[in-house]
Amino acid sequence: MKNALPKPVITTTMTLGNNLLFFFSTLGAFNALIIGIYFLCFTAKKNLSNYLLGALLIVLSIRVGKSVAYFFDYNIPRIILQIGLTACLFIGPFLYFYVKTEMQQIRKLPVSWKLQLTGWLAMILIAGLPFPYATFPYLWTHYIIPAIYLQWGIYIGLTITSLHPLFKKIRTREQLKPFEKWVLAICATISLIFIAYVWSIMKITKGSYITGPLYFSLVTYLAICILLYRKKANDLSSFTGQKYGDKKLNEDDAVQVIARLQTAMKEKELFRNPNLKVGDLAREVNIPSHQLSRILNDSLQKNFTLFVNEYRVNAACKMLSRQTNFTIEAVGDEVGFNSKSTFFATFKKIKGLTPNAFIKETTPDL
């Protein structure tokens, strides 16, 4: 990449065609900014998905608005370029978080996501304040800007990976839900914008720098028209109407939740906590408690207590089959049982014999 920011095609005079180009590309960025603020501050549906979508539209508007301004006026203050470019650092994360939230119905921003956003903000301050674009254009065009687009591309890759269940539905010709089509449309739009910018920076396609804003404007207008035609947007989120008593997760979603739950139980050995509650497990996999209970009952035919106790008993079996200094009671305590009687009763219920009988059965004759 010799020049991370291509020089604009238009310099001084504005023809009728250029005026129309400027109008439509600018209006798209402005409309998206207003919609983003609405989702972030004024939407009636107060859920994480809407907040992330609002934030995504706002940073996209900043990035696209900067492109339009630069394309029609090469002499704009470099601080505007810097703000627009650094906004890119949040496009990828907000897209990925939004898609994950919709696909997995995450209701609270995970700590790992907060750390990522804080980290990118810190990088903006660390790199942007001491090394402003106006003073260090070579550093920005040869190193910082390519790194920004690399980060954006990585998050797009992660987002596409998280859409695997939808691609599976498409391959099997299963009907997609409205919110799933909406998520795919948003991902496709941002991917097209990303490609248009990268092509322009690498000079693969002449004049493609303004293509990104035009894509964005076109899709913004299209989305507004579709919403006005449909006269509703309630079905464009996976959170709408998702209540324990009236809606069941589809099989693919349930399988994903169970896989995450089993991984957490094995790797973190959560069952060893004698005070473990269903809410603790639900927070671990970022779903509501009632939904986790339903998944356990519908998909595994187990309640929460049996699910956890099976892990405890299996861990106890491993300890009892080895020669250790633990007493049977100590083994029960170690794997998460509150009392000796509960340990013995649960062990016999699951394994069909008492811990003492299990030791005799598994101890080799010497």
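This structure is a prediction, so every number in the text was calculated from the model and none was measured.
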> Any non-hydrogen side-chain atom of C187 less than 4.5 Å from a side-chain atom of L95?
yes
> How long is the span from the CG atom in L60 to the CZ atom in F94, to the nearest 0.5 Å?
10.5 Å
> Mind checking whether F42 and L57 sit in one hydrophobic cluster, side chains of I, L, V, M, F, W, Y counted as touching below 4.5 Å?
yes
> Assess whether side-chain contact (heavy atoms from CB on, under 4.5 Å) is satisfied between R260 and V257, documenting all intermediate values.
CA-CA 5 Å; R260 299 202 311 270; V257 171; 4.0 Å; yes
> Determine whether more than 12 heavy atoms belonging to other residues, nucleotides or ligands lie under 6.0 Å from atom CZ of F30.
no
> S293 and V278: which non-hydrogen atoms are nearest, and at how many Å?
OG-CG2, 3.7 Å
> Give, for atom CD1 of I91 and atom CD1 of I193, the distance between the pair rounded to the nearest 0.5 Å.
7.5 Å
> Check the pair V198, W152 against side-chain contact (heavy atoms from CB on, under 4.5 Å), reporting the backbone distance first and the verdict last.
CA-CA 11 Å; V198 171; W152 187 358; over 6 Å; no
> When rounded to the nearest 0.5 angstrom, what distance separates CG in L53 from OH in Y38?
11.5 Å
> Return yes when atom CE of M265 has more than 12 non-hydrogen atoms of other residues, nucleotides or ligands closer than 6.0 Å, and no otherwise.
yes
> Going by atom types only, do Y155 and Q116 share a side-chain donor-acceptor pair under 3.5 Å?
yes
> Should the pair E284-K268 be classified as a salt bridge under the 4.0 Å nitrogen-to-oxygen rule?
yes
> Tell me if a side-chain donor or acceptor on T342 pairs with a main-chain N or O of N338 at a distance below 3.5 Å.
no
> Closer than 3.5 angstrom, by distance alone: can the side chain of S321 be matched with the main-chain N or O of K318 as a donor-acceptor pair?
yes
> Answer yes or no: is there a donor N or O on one side and an acceptor on the other, between the side chain of R272 and the main chain of E334, under 3.5 Å?
yes
> Which of parallel (below 30°), tilted (30 to 60°) and perpendicular (above 60°) describes H142 and Y138?
parallel
> Does this structure show an ion pair linking K177 with E180, if we count only N-O contacts that are shorter than 4.0 Å?
no
> Looking only at atom types and distance, does a side-chain atom of R78 sit under 3.5 Å from a main-chain N or O of I76, one as donor and one as acceptor?
yes
> Nearest 0.5 Å, please: how far is CZ in F179 from CG in L184?
10.0 Å
> Is the closest side-chain heavy-atom distance between T354 and K348 below 4.5 Å?
yes
> Are K302 and E310 close enough for a salt bridge, meaning some N to O gap below 4.0 Å?
yes
> We want to know whether Y133 and T141 form a side-chain donor-acceptor pair, criterion being a heavy-atom distance below 3.5 angstrom.
no
> Do the side chain of K277 and the main chain of N275 share a donor and acceptor less than 3.5 angstrom apart?
yes
> Starting from the C-alpha separation in whole Å, work towards a yes-or-no answer on side-chain contact (heavy atoms from CB on, under 4.5 Å) for L121 and L117.
CA-CA 6 Å; L121 179 60; L117 294 175; over 6 Å; no
> Quick check for you: to the nearest 0.5 Å, what is the distance between N297 atom CG and L306 atom CG?
10.0 Å
> Taking E329 for its side chain and K340 for its backbone only, find out whether a donor-acceptor pair lies under 3.5 Å.
no
> What closest approach, in Å, do D298 and Q301 show between heavy atoms, and which atom pair accounts for it?
O-NE2, 2.7 Å
> Report yes if some heavy atom in the side chain of V111 is under 4.5 Å from a heavy atom in the side chain of L115; otherwise report no.
yes
> Mark yes or no for whether D280, through its side chain, and L276, through its backbone, hold a donor-acceptor pair below 3.5 Å.
no
> Measure the shortest side-chain to side-chain distance between K100 and M103 over non-hydrogen atoms and say whether it is less than 4.5 angstrom.
no
> Any idea which heavy atoms bring A357 and L353 closest together, and the distance?
C-CD1, 3.6 Å
> Quiz question: by atom type and distance under 3.5 Å, do the side chains of S162 and T159 form a donor-acceptor pair?
no
> For the residue pair P93 and W113, establish whether any side-chain heavy-atom pair is separated by less than 4.5 Å.
no
> Any side-chain heavy-atom pair from L261 and L292 closer than 4.5 angstrom?
yes
> Could you check whether the rings of F136 and F131 sit parallel, tilted or perpendicular, using 30° and 60° as the cut-offs?
perpendicular
> Where do I148 and W140 come nearest, in terms of heavy atoms and distance?
CD1-CZ3, 4.3 Å
> Is the shortest side-chain heavy-atom distance between L89 and V59 below 4.5 Å?
no
> Which heavy-atom pair separates I328 from F343 by the least distance, and what is that distance?
O-CE2, 3.4 Å
> Establish, for the pair R312 and F347, whether the NZ or CZ atom is under 6.0 angstrom from the six-membered ring centre and no further than 45 degrees off its axis.
no
> Given the rule in the side-chain contact (heavy atoms from CB on, under 4.5 Å) test, do L281 and V308 qualify, once you have shown the distances and angles that lead to the verdict?
CA-CA 10 Å; L281 287 188; V308 173; 4.1 Å; yes
> Any side-chain heavy atom of L109 within less than 4.5 Å of one from T101?
no
> Mind listing the closest non-hydrogen atom pair of F167 and I160 along with its distance?
CE1-O, 3.4 Å
> OG/S339 to CZ/F344 distance, rounded to the nearest 0.5 angstrom?
10.5 Å
